[in-house]
Amino acid sequence: MPFPLTRPRRIRAHQWSRRLHAETKVSVSDLIWPLFLIEGTGAEEPIAAMPGVNRLTIDKAVDAAKRAAALGIPALALFPNTPADRRSDDGVEALNEDNLICRALKAIKDAVPEIGLAADVALDPYTAHGHDGLMRDGYIVNDETVEVLVQQALTQARAGADILSPSDMMDGRILHIREALEGNGFVNVQLMSYAAKYASAFYGPFRDAVGSGSRLTGDKRTYQMDAANSDEAVREAALDLEEGADSLIVKPGLPYLDIVARLKTELETPVFVYHVSGEYSKIVAAAERGWLDRKAAALEHMQAFKRAGADGVLTYFAPEIAEWLNGA
């Protein structure tokens, strides 16, 4: 109908009406909270590039898990900052059943059994060179890396991980990890694959948080995806689903909403977004300078992810968003 018989602003005139007509809903159930781990007890170590985010000792991570459960956040994603003396070219610490992340998985699962725990499957927190896989003559080799990743995945499953999230971008690793999980009785451990992980400028603060940034030699463009490509993401994601992935992750978030939408529409599978460290830090930095509103910007990002088709979001804003939503 033509104006003035149709006035789209009518439904936007009042807050109650905007709520009734909202097409996209954000809830606490959409959140996964990433936590960074360090050795020791009773410590919270600030991350300079991520104001408000700290590396936590295991006891503090347990406290964070209790807070998450109280807020209604369904799951946590754990990332270790491995001490320098336990990093090596072969990343063998990843297979240590008493390593930092395994002890954290056990401690949190004992204290807060109702919360889901996701563990990162990749070697960059454990390698001396900061890469996600094994290096041979300056190149990250695929098949040898996959063999190690399978053992890492089993190690984390034995420690209590509910979700394994391979973030390495090696070819074929989902199939081999799934077969190993099935063969060892871990039939209900989920694989949330980083199917579309792009080589991005927005990862810098994360690499600082896990201690791999200063160690990184070269870049990760031979295995992480090219930002120019979209069809490639669909092919990668389809392969991971065929190999046994239960859900997919797109990383980073806001610059790749088109990828989120394509995977959700074309593959009809659960899709998650990682609202990465650089995205977090730019909001915080701008808010600290009074250039934008922290709460409004964070929630707008969440709406954008959900509107694009995301089923959930890994975000460092998770506890704040949960508090804002619960308060509202």
Show the numbers, then the answer: is there a side-chain contact (heavy atoms from CB on, under 4.5 Å) between Val187 and Leu181? CA-CA 6 Å; Val187 298; Leu181 292 173; over 6 Å; no
If you round to the nearest 0.5 Å, how far is [atom2] of [Y] from [atom1] of [X]?
X      : Y      : atom1 : atom2 : result
Ile283 : Trp291 : CD1   : CH2   : 14.5 Å
Glu182 : Asn184 : CD    : CG    : 10.0 Å
Tyr280 : His301 : OH    : NE2   : 13.0 Å

With the side chain counted from C-beta on, respond yes when [X] and [Y] share a heavy-atom pair under 4.5 Å apart, and no when they do not.
X      : Y      : result
Lys60  : Glu45  : no
Arg12  : Arg9   : yes
Phe206 : Val276 : no
Gln190 : Leu164 : no
Asn96  : Arg86  : no
Pro83  : Glu93  : no
Leu100 : Arg103 : yes
Leu149 : Pro166 : no

Kindly assign one of parallel, tilted or perpendicular to the pair Tyr316 and Tyr274, based on the angle between their ring planes and the thresholds 30° and 60°.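 Correct class here is tilted.
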Geometric class of the His275/Phe305 ring pair [parallel <30°, tilted 30-60°, perpendicular >60°]: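 Perpendicular: the ring planes of Phe305 and His275 meet at over 60°.
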Counting distance only, does the side-chain N/O of [X] pair as donor-acceptor with the main-chain N or O of [Y] below 3.5 Å?
X      : Y      : value
Asp293 : Ala296 : yes
Asp226 : Ala199 : no
Asp59  : Gly42  : yes
Asp240 : Ala245 : no
Thr127 : His131 : yes
Gln152 : Ala122 : yes
Arg7   : Phe3   : no
Asp162 : Gly116 : no
Arg55  : Ile47  : no
Arg87  : Pro125 : yes

Go through the steps to decide whether Lys25 and Asp30 satisfy the test salt bridge (Lys or Arg N to Asp or Glu O under 4.0 Å), and finish with yes or no. CA-CA 10 Å; Lys25 309 283 180 154; Asp30 299 322; over 6 Å; no
Counting heavy atoms not belonging to [X], are there more than 12 under 6.0 Å from its [atom1]?
X      : atom1 : answer
Glu23  : CD    : no
Arg158 : CZ    : yes
Asp85  : CG    : yes
Arg19  : CZ    : no
Glu300 : CD    : no

Could you walk me through whether Phe36 and Asn81 pass the side-chain contact (heavy atoms from CB on, under 4.5 Å) check? CA-CA 7 Å; Phe36 297 108; Asn81 185 314; over 6 Å; no
Can you get from [X] to [Y] by hopping between Ile, Leu, Val, Met, Phe, Trp and Tyr side chains that sit under 4.5 Å apart?
X      : Y      : answer
Leu254 : Val284 : yes
Leu175 : Met192 : no
Val146 : Leu95  : yes
Val271 : Leu239 : no
Val273 : Val28  : yes

Relative to Tyr203, does Lys220 satisfy both conditions: NZ or CZ under 6.0 angstrom from the six-membered ring centre, and within 45 degrees of the ring's axis?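 Judged by the rule, Lys220 and Tyr203 form no cation-pi pair.
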Leu134: which of Leu123, Asp143, Ile140 passes side-chain contact (heavy atoms from CB on, under 4.5 Å):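 Exactly one candidate clears the test, Leu123.
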Please report the closest heavy-atom contact between [X] and [Y], naming both atoms and the distance.
X      : Y      : value
Leu267 : Ala238 : CD1-N, 3.9 Å
Pro74  : Ile115 : O-CG1, 3.4 Å
Met50  : Ala209 : SD-CB, 4.5 Å

Pair Lys106 + Asp98, salt bridge at N-O below 4.0 Å: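 The answer is no: the pair does not qualify as a salt bridge.
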Can a salt bridge be assigned to the pair Asp124 and Arg215 using a cut-off of 4.0 Å between side-chain N and carboxylate O?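 Looking at Asp124 and Arg215, the cut-off is not met.
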Do Trp33 and Leu71 pass the side-chain contact (heavy atoms from CB on, under 4.5 Å) test, and can you show the C-alpha distance, the side-chain angles, and the key distance before you say yes or no? CA-CA 11 Å; Trp33 184 11; Leu71 289 169; 5.8 Å; no
Side chains of Asp120 and Ser167: is there a donor and an acceptor less than 3.5 Å apart?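 Indeed, the side chains of Asp120 and Ser167 share at least one donor-acceptor pair under 3.5 Å.
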Stepwise, does the salt bridge (Lys or Arg N to Asp or Glu O under 4.0 Å) test hold for Glu323 with Arg67? CA-CA 11 Å; Glu323 289 173 347; Arg67 179 187 178 196; 2.9 Å; yes
